[in-house]
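Proteins come first, then strands; the chains are lettered A, B, ... in the order of their sequence lines, and each starts at number 1.
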Amino acid sequence: MATSAFQRLPGFRDFPPEELALRSHIQEAWRRVSRRYGFQEYDGPPLEPLELYVEKSGAEIVGQLYNFTDKGEREVALRPEMTPSLARILGDRSRGMSKPIRWFSTPQLFRYERQQRGRLREHFQWNVDIVGEEDVAADAEVLAVAIDGLRELGLGPDDFRARVSDRRLLREVLLAVGVEEERLPTAFGIIDKLERMPRDKARATLLKDAKLGSAETDGLLELLDSAGLDAVRARFGDRGAVAAELARLAQYLGALEAMGLGAFVQFDLRIVRGLAYYTGIVFELFDRKGALRAICGGGRYDRLLELVGGEPLPAVGFGMGDVVLGELLAERGLLPAYERALDYFVVAVSPEQRAQALRIAHTLRDRGSSVAYALKAELGVTKQLKAADREGAKEVLIVGPDELARGCVVAKNMESGGEREIALSELT
RNA sequence: GUGGGCGUAGCUCAGCUGGUUAGAGCGCCUGACUGUGGCUCAGGAGGUCGGGGGUUCAAGUCCCCUCGCUCACCCCA
């Protein structure tokens with residue numbers, strides 16, 4: 001492949017107009033849905049102090065940071081996720097803000113890792129968060145936004161589903177099964193990886209690392225596989241702590257059901273999420289076929305704002321990346337064909353009409369229309385029409401000596417080919 | 001970080017076991033068509049065969065290195 005002297009950095013994308021149109025298609029849908037739910041848009045710096053991520057996000061993210069030392073000897077990182085920045089921004093000003101705070105953003109995020117399908121070193125991620133509301137209704141609202149973001153792009157219940165769980169419930173279930181308190185993080189880690197692990201390995205790991213008995217392990221695995229609230233209720237519903245968590249989850253699922261989004265939601269105790277800061281309900285959105293990576297992930301993180309030095313505020317939110325989503329949309333034929341669009345293309349039949357054509361073009365632009373014309377003044381009418389066609393003009397205004405003499409121009413509709421005359425007085 | 005596959009025109013690709021001036025389709029440019037686009041026809045431009053080194057009389061083709069892409073692992077925004 002002929003290469004220019006400078007190559008693009010690996011894992012980064014160029015966005016020529018056709019590609020940018022696809023990206024915008026997605027981002028504009030995200031924005032429409034966010035605003036429909038009453039969220040306000042914000043942004044932060046793409047470069048942050050390294051330590052913002054080191055303790056807060058867990059080792060998983062830190063190992064993949066795109067970080068370096070700047071000229072001021074500061075350890076910095078390109079942001080790998082938005083939530084820590086949000087926490088910092090709110091830490092500075094949330095005390096004076098009315099709650100709940102509903103904010104969204106579509107930042108470009110970065111990671112340093114070898115790229116593969118659905119994962120580059122850079123992507124755009126839709127972040128939606130509700131801060132300052134502990135009610136489970138906030139959790140439901142946030143998941144509803146995520147689901148509607150995908151619906152807005154044409155995806156339905158046959159295309160994707162949300163798998164939801166609650167870390168508090170999982171914690172109580174694990175305690176009930178007999179996992180020791182200090183083994184809980186280990187057990188969480190194993191369950192998070194369960195689906196990517198062979199059965200016997202999962203079993204062996206639970207036995208060894210989570211220090212579970214053989215019968216308990218089998219019981220737990222069976223429960224996780226059953227993927228139903230009823231199974232949990234049947235086995236542990238009589239335990240007060242479990243029952244309380246089940247009640248909250250039922251309320252959550254009920255809210256989504258009431259919104260008419262029940263078909264998209266499925267309880268699944270195996271959803272844990274890798275990030276360390278999640279504290280409650282967590283969820284992930286997957287394509288139905290299970291062929292792609294998770295499209296979206298999120299959950300409740302009630303301690304994070306405190307951790308970065310802010311007001312202790314409960315929070316819930318999600319991130320949805322553009323790369324996997326773009327793949328899914330392409331697969332389903334839901335990406336729009338790229339086309340150029342122009343309201344008018346002004347043709348001067350000969351250079352003598354050039355000044356008049358420029359005047360018309362500018363008048364129309366002042367009125368808000370998109371207008372172009374051939375920059376080379378000496379092009380023939382044929383070439384100008386070809387150019388008009390290429391640029392996607394809806395209508396071509398032909399400015400010629402005969403028409404000018406009669407005080408008008410010819411307006412040619414480029415789709416039908418039909419022509420009509422417009423008085424010059426209407427165009428200047 | 002580990003392993004597999006792949007790099008030929010702007011794009012998609014063809015080039016048999018090494019053998020003359022490296023091809024096709026699409027796109028682009030020009031003309032047929034100096035006041036009417038799409039369609040058609042004719043012509044044209046465009047390649048250090050990713051880069052470097054080696055083997056050979058001869059390398060797009062074989063070998064080594066390197067860069068990039070891609071898939072998987074690790075991990076998972």
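Comparing the P positions of B:rG10 and B:rC29 gives an interatomic distance of 15 Å, to the nearest angstrom. Remark: the separation of the P atoms in B:rA59 and B:rU20 is 11 Å, to the nearest Å. The same atom, C1', is picked in B:rU61 and in B:rC6; the two are 15 Å apart, to the nearest Å. B:rG38 and B:rC33 have their C1' atoms separated by 14 Å, with the value rounded to a whole Å. Taking the P atoms as reference points, B:rU55 lies 15 Å from B:rC63, given to the whole Å. Straight-line distance between the P atoms of B:rG50 and B:rC13: roughly 15 Å, to the nearest whole Å. Using atom P as the reference point in both B:rU66 and B:rG3, the two lie 12 Å apart (nearest Å). Nucleotides B:rC11 and B:rG47 are separated by 13 Å at their P atoms, to the nearest Å.
Protein atom CG of A:Leu86 is 15 Å distant from nucleotide atom C1' of B:rA77, rounded to whole Å. Nucleotide B:rA77 holds its P atom 16 Å from the CD atom of A:Glu327, rounded to whole Å. Atom-to-atom, CG of A:Asp192 to C1' of B:rC76 comes out at 9 Å; the value is rounded to the nearest Å. Rounded to an integer number of Å, the gap from CZ of A:Arg273 to P of B:rC76 is 10 Å. Between the CZ atom of A:Arg119 and the P atom of B:rU70 there is a distance of 14 Å, rounded to whole Å. A straight line from NZ of A:Lys412 to C1' of B:rG38 spans 10 Å, rounded to a whole angstrom. The distance between atom CD of A:Glu378 and atom C1' of B:rG35, rounded to the nearest whole Å, is 17 Å. For A:Leu120 and B:rG68, the CG to P distance is 15 Å, given to the nearest whole Å.
A:Ser370 and A:Asp343 are linked by a side-chain donor-acceptor pair at a separation below 3.5 angstrom, with hydrogens and angles left out of the test. Side-chain atoms of A:Thr279 and A:Arg303 include no donor-acceptor pair closer than 3.5 Å. Using modelled atom types, one finds a donor on one side chain and an acceptor on the other under 3.5 Å when comparing A:Asp148 with A:Tyr37.
The cationic group of A:Arg121 does not satisfy the cation-pi geometry with A:Phe110, failing either the under 6.0 Å distance to the six-membered ring centre or the 45° limit from the ring axis.
With rounding to the nearest 0.5 Å, the separation of CZ in A:Phe318 from CZ in A:Arg273 is 11.5 Å. Interatomic distance, CD of A:Glu172 versus CD of A:Glu245, reported as 6.0 Å (0.5 Å rounding).
Residue A:Lys386 is in sugar-phosphate contact alone, with no base atom involved, counting any heavy-atom pair closer than 4.0 Å across all strands shown. Across all strands shown, A:Arg121 has no heavy atoms under 4.0 Å from either base or sugar-phosphate atoms. A:Arg79 comes within contact range of no nucleotide atom at all, as no heavy-atom separation falls under 4.0 Å. The residue A:Gly417 sits close to a base: some heavy atom pair falls under 4.0 Å. Among the atoms of the strands shown, base atoms are found under 4.0 Å from some heavy atom of A:Gly118. Using a 4.0 Å heavy-atom cutoff across all strands shown, A:Gln125 reaches sugar-phosphate atoms only and no base atom. Residue-level contact check: A:Glu403 touches the bases, meaning some heavy atom is under 4.0 Å from a base atom.
Listed candidates were B:rG68, B:rG37, B:rG35. Nearest to the side chain of A:Asp402 is B:rG35. Closest to the A:His123 side chain, of the nucleotides B:rG38, B:rU36, B:rA77, is B:rA77. Each of B:rC73, B:rG35, B:rA77 was ranked by its minimum atom distance to the side chain of A:Val381; first place goes to B:rG35. Here the nucleotide nearest the side chain of A:Gln116, chosen from B:rC74, B:rA77, B:rG37, is B:rC74. Comparing B:rC75, B:rG3, B:rU36 by their closest approach to the side chain of A:Glu113 singles out B:rC75. Of the candidates B:rG31, B:rA72, B:rU36, the closest approach to any side-chain atom of A:Thr382 belongs to B:rU36. The listed nucleotides are B:rC76, B:rC29, B:rU36; the one nearest the side chain of A:Lys193 is B:rC76.
Looking at which nucleotide of RNA chain B each of A:Gly297 and A:Arg114 is closest to, the 5′-most match is held by A:Arg114. Across the interface with RNA chain B, nearest-nucleotide mapping of A:Glu415 and A:Phe12 shows A:Glu415 to be the residue nearer the 5′ end.
As the counterpart of B:rA42, B:rU30 is assigned, both hydrogen-bonding distances of the Watson-Crick or G-U wobble pattern falling under 3.5 Å. Both distances falling under 3.5 Å, in either a Watson-Crick or a G-U wobble arrangement, place B:rG25 opposite B:rC11. Within the shown strands, nothing qualifies as a pairing partner of B:rG35 under the Watson-Crick or G-U definition with both distances less than 3.5 Å. Taking a pair to require two hydrogen-bonding distances under 3.5 Å in either a Watson-Crick or a G-U wobble arrangement, B:rC73 pairs with B:rG1. If you check B:rC6 for Watson-Crick or wobble pairing at under 3.5 angstrom, you find it paired to B:rG68.
Remark: the A:Gln115 side chain and the B:rU70 base include no donor-acceptor N/O pair separated by less than 3.5 Å.
Considering only side-chain N and O atoms, A:Lys383 lies nowhere under 4.0 angstrom from the phosphate OP1 or OP2 of B:rU36.
In summary, A:Lys99 and A:Glu133 do not engage in a salt bridge, as defined by a charged side-chain N under 4.0 Å from a carboxylate O.
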Checklist line | Pair A:Arg293-A:Gln116, side-chain hydrogen bond (donor to acceptor under 3.5 Å, both in side chains): steps then yes or no | finding: CA-CA 11 Å; A:Arg293 298 169 180 286; A:Gln116 53 185 295; 2.6 Å; yes
